[in-house]
Amino acid sequence: MLTGEYLPKLRREGDSVIGGTISVDNPLRIRVTRTGNDSLQARIQRLVERAQTEKPRITRIADRVAGWFVMAVLLMATMTALAWLWIDPQNWLPITIAVLVVSCPCALSLATPTALTAALSGFLQRGLAVTRVAAIESLTRTSHVAFDKTGTLTQGRLSLRRVETCAELSRHECLKLAAVLESQSEHPVAKALIEAYGSESVILPLDLCNHPGAGLSGVIDGRRYFIGKPEFIEDNTGLACRRPLAVLSNEATESLVILASEEKLLAAFVLVDSLRAGARELVEDIHRSGRETVLLSGDHRQVVRSVGMALDIGDCRSGLSPDDKLAQVRDLQHRGAVIAMVGDGINDAPVLAAANVSIVMRRGADISRGQADVLMLGEDIRCLGDALRLADKTVNVIRQNISWALAYNLLALPLAMAGYVEPWMAAVGMSCSSLLVLANSSRLGAKPD
């Protein structure tokens, strides 16, 4: 729970365990040493709250401009009325009305909210729910996209990549033996091996013995078999695992499991946490947009580096606790970076709260989803690339709307003040100006290609 990784950590008598974690092998007798505000959950929550209070506040310039613009129009209308009372008292009223009507502060006020409302619909059509509208503008300014690894860029579960047989047994026979030995275990390695074997029923082994954090042994058809880490196999059988280790030395493994009998090595299983579909395309998309990517993970260095190389992420940081991830993001922000953080685990909650934009995966932890500016509604991570493009387009549309509203008023107001615009013409011009802003904004809600 603390590192965000799915492989369990070995705990022995006297070690500390964290409330809320799961024991996958054996029942435990524990003594509660911290409660309430001293617990890890409370500590993480305090980090989240502190990070939230420091999140930048984004103001909407268009609303302020519209407020000042209304005051300016009223002042110009008063000046126009006084001038035409002196020049032509008979026409002062229709000309003053034309000035008031032709001006379009509503177009300025509509420029931002209509674009944002249409953009929210566009995000939903791309599989994203925006919970804080200010995130759209922050996405546009994003310079770095930071990723958690497990469950974000990867599937978050082990799968069997390769089987290296070391004896006369076939791949299927080795998988069957492994599935029999692991049939009573809830360990992620066991689940991966059983899934790889398939739905065929298996017998229960005799004299099954679990060695926590190391492996299993049991009797099948009168022979004792061992499955587990290479060290466990060597300690219990005296068989050296150099050959399978040498063969698989270049594999980017999450876990290497050896199957052996008392007399010989039988097979080596390479288990990996596979990359999420679309992860490579997303990273390429981000790089094409001119943004940088960062990988922040609690996993060990070799695995994090392997994922970074596979996805072409040059900045990979491993072995990070929640505090460490928060410190890494703070350091980037102090150097001027605008961070969009993508994560899913409990350990990501503080850094998600501190990031300029927080994006949480569909199956993210509740505490992480509570900090999300953007929630993914599906499993296709490539939608984040669409989100960045839509955010850029939204800000461009807002600028277009504001520019049009200002340009229209700069042209129409002097003509109306000079008496060249009738009241009915002013009404038509004002309506068309607002409709143009609405039509331009509606493009953001169109379905993606």
Side-chain angles (χ1 to χ4, degrees), residues 1-48 148 150-151 156-158 178-195 202-220 224-237 254-260 269 271 273 297-300 303 319-325 344-350 363-368:
M1 182 179 73
L2 186 61
T3 65
E5 306 311 312
Y6 52 89
L7 288 176
K9 300 293 183 181
L10 178 63
R11 292 290 182 267
R12 295 185 173 89
E13 184 176 356
D15 290 345
S16 297
V17 294
I18 300 168
T21 54
I22 298 172
S23 174
V24 298
D25 281 332
N26 294 298
L28 303 176
R29 178 176 293 176
I30 62 173
R31 182 175 68 254
V32 177
T33 59
R34 296 181 184 179
T35 60
N37 290 331
D38 295 328
S39 67
L40 177 66
Q41 179 184 355
R43 182 163 166 257
I44 290 179
Q45 188 61 41
R46 286 195 294 271
L47 284 172
V48 169
D148 174 48
T150 304
R157 58 183 177 85
L158 287 177
V180 169
L181 290 171
E182 300 280 10
S183 60
Q184 303 301 302
S185 176
E186 293 295 323
H187 195 284
V189 169
K191 293 179 179 179
L193 291 173
I194 293 170
E195 181 182 354
V202 295
I203 61 173
L204 295 179
L206 300 176
D207 192 23
L208 183 65
C209 184
N210 179 25
H211 304 264
L216 296 164
S217 65
V219 177
I220 304 173
R224 179 166 290 278
Y225 295 92
F226 301 85
I227 187 169
K229 294 181 177 179
E231 300 84 0
F232 169 74
I233 300 299
E234 290 189 16
D235 291 343
N236 285 271
T237 66
E254 292 279 0
S255 186
L256 176 62
V257 178
I258 305 295
L259 174 68
F269 303 100
L271 298 138
D273 182 13
S297 176
D299 208 346
H300 54 86
V303 173
L320 303 178
S321 68
D323 295 30
D324 295 332
K325 287 187 178 184
D344 71 324
I346 292 174
N347 63 314
D348 296 324
R363 303 183 187 277
D366 287 343
I367 190 172
S368 297

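Scope of the values below: all heavy atoms of this structure, side chains included, with no hydrogens, waters or symmetry mates.
Taken from CG in Leu208 to CD in Gln184, the straight-line distance is 7.0 Å, to the nearest 0.5 Å. Interatomic distance, Ile233 CD1 to Ser217 OG, rounded to the nearest 0.5 Å: 9.0 Å. Asn210 contributes atom CG, which lies 11.5 Å from atom CG of Leu181 (distance to the nearest 0.5 angstrom). We find the OG1-CZ distance between Thr237 and Phe232 to be 9.0 Å, quoted to the nearest 0.5 Å. Here the CG-CZ distance, from Leu193 to Phe269, works out to 6.0 Å after rounding to the nearest 0.5 Å. Here Leu216 contributes atom CG and Phe226 contributes atom CZ; the two are 11.0 Å apart, rounded to the nearest 0.5 Å.
Contact record, Pro205 with Ile220: CB-CG1, 4.2 Å, taken as the closest heavy-atom pair. Closest approach of Ala178 and Ile227 over heavy atoms only: CB-CD1, 3.6 Å. Residues Glu182 and Ala190 share a closest heavy-atom pair of OE1-CB, 3.3 Å.
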(request) Tell me, with the steps shown, if Ile258 and Glu234 meet side-chain contact (heavy atoms from CB on, under 4.5 Å). (result) CA-CA 10 Å; Ile258 305 295; Glu234 290 189 16; over 6 Å; no
